Amino acid sequence: LGPGFAAMVQGGPFAYITNSGSHDVSVIDTATHTVVATIPVEGSPRGVAVNPTGTRVYVTNSGSDHVSVIDTAKTNKVHAALTQLPLYFIENRGQIDNPNVSYYLKGEETTVYFAPEGVTFALTEAKEPLSSPLSRWSVRLEFVGANLVTPHAEEVTQAKISYFKGPKDQWKTGLRTYSKVVYSNLWPGIDLIYYGKGAQLEYDIVVHPGADPKKMRLAYRGAESVQL
């Protein structure tokens, strides 16, 4: 089955366990420790969480861009599948080991780090069987001949992220998230703006009047080839 993560409804009788190998969620009666329902979801479910009222269970599916929403009153039914979830750029307040990272974007298999020196794409790939070690590699986008610019974020969202890791004094709670990360005047008169369009990361290059677009140069490190 490849059981992954578990979540419980507070004060309720059930626990929900994701099974990435069989692409479903097991509903466990915590009183009898038996499986009372098996709920099919999108490919390779991983993370699972319950809303504060205990009425919905949210399951992230690494095999797709969907989040399955389970109605806890009908334990054998997926209430909805959420697609094209927005991308959130998270501020770094010390939860990332590299202090040069200003913001990052975290996905299921890819994390993107935004720093003054460039943008790093850290990628992972699951192997079969799922117990095998993950393949990991990174690709770095460098700004050649550019100004050393600390990126800033724009358009704060309502979503907040918290990390409860280690002693309580090391927890990072209520981290703000944003819709855009901007490198202003990266080259003279030229801005680079990253944003999300649905579940896709996109960017715009803004060339202001009088700026020379020939000054823009990008270099990729860690990639064997680049295609447009």
Side-chain angles (χ1 to χ4, degrees), residues 1-90 95 104-112 122-136 157-166 168 171-177 179 196-201:
L1 294 179
F5 296 89
M8 294 183 63
V9 176
Q10 187 173 8
F14 300 121
Y16 296 81
I17 299 177
T18 57
N19 304 304
S20 56
S22 54
H23 312 296
D24 54 34
V25 175
S26 296
V27 184
I28 309 294
D29 186 323
T30 57
T32 62
H33 305 290
T34 57
V35 178
V36 295
T38 301
I39 307 171
V41 294
E42 296 284 344
S44 301
R46 292 288 181 89
V48 59
V50 181
N51 71 351
T53 61
T55 58
R56 296 288 186 269
V57 175
Y58 300 88
V59 180
T60 59
N61 304 297
S62 62
S64 70
D65 292 328
H66 295 177
V67 173
S68 298
V69 184
I70 298 172
D71 185 342
T72 59
K74 302 175 181 179
T75 55
N76 61 346
K77 181 179 180 180
V78 174
H79 176 73
L82 305 180
T83 61
Q84 293 187 336
L85 296 178
L87 299 182
Y88 295 119
F89 298 88
I90 308 169
Q95 71 275 19
Y104 63 98
L105 179 67
K106 192 167 182 62
E108 183 69 31
E109 296 180 346
T110 305
T111 303
V112 186
L123 306 105
T124 61
E125 182 179 19
K127 294 182 177 180
E128 296 292 343
L130 292 175
S131 58
S132 302
L134 295 174
S135 296
R136 302 178 186 273
T157 76
Q158 294 183 349
K160 293 185 182 292
I161 306 295
S162 296
Y163 289 87
F164 303 99
K165 183 178 179 181
K168 188 173 182 178
W171 293 357
K172 305 296 181 182
T173 61
L175 302 176
R176 290 171 294 186
T177 63
S179 297
K197 187 175 183 180
Q200 300 296 319
L201 176 64

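By convention here, the first residue in the shown sequence is residue 1. Please read all numbers here as calculations on a predicted model, not as lab measurements.
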Problem set entry | Those residues that, when tested against D29, pass side-chain hydrogen bond (donor to acceptor under 3.5 Å, both in side chains) (two or more places apart) | none
Problem set entry | With sequence neighbours excluded, residues passing side chain to side chain contact (heavy atoms under 4.5 Å, CB included) with A49 | none
Problem set entry | Non-neighbouring partners of T30 that pass side chain to side chain contact (heavy atoms under 4.5 Å, CB included), sequence neighbours left out | M8, A15
Exercise. T38 side chain to S26 main-chain N or O, any donor-acceptor pair under 3.5 Å?
Worked result: no
For this session: Anything under 30° is parallel, anything over 60° is perpendicular, the rest tilted; go ahead and classify Y104 against Y163.
Result: tilted
Seminar exercise, completed: Correct closest heavy-atom pair for P40 and D24 would be CA-CB, 4.0 Å
Problem set entry | Least distance between heavy atoms, V48 atom then Y16 atom | CG1-O, 4.1 Å
Seminar exercise, completed: Taking every heavy atom of Q95 against every heavy atom of L175, the minimum-distance pair comes out as NE2-CD1, 3.2 Å
Problem set entry | Distance (rounded to the nearest 0.5 Å) between I17 CD1 and I39 CD1 | 12.0 Å
Exercise. For V57, which of D71, V69, V27, V50 qualifies under side chain to side chain contact (heavy atoms under 4.5 Å, CB included)?
Worked result: V50
Problem set entry | Set of side-chain hydrogen bond (donor to acceptor under 3.5 Å, both in side chains) partners for T157, sequence neighbours left out | T177
Problem set entry | Student check: side-chain heavy atoms of I28 and V35 closer than 4.5 Å | yes
Exercise. Excluding sequence neighbours, so at least two apart, what forms side-chain hydrogen bond (donor to acceptor under 3.5 Å, both in side chains) with T173?
Worked result: none
For this session: Go through the structure and list residues passing side-chain hydrogen bond (donor to acceptor under 3.5 Å, both in side chains) with Y88, not counting sequence neighbours.
Result: none
Seminar exercise, completed: Shortest non-hydrogen pair, S162 vs G174, comes out as OG-N, 3.1 Å
Seminar exercise, completed: Between L87 and Q200, the two heavy atoms sitting closest are CD1-O, 3.3 Å
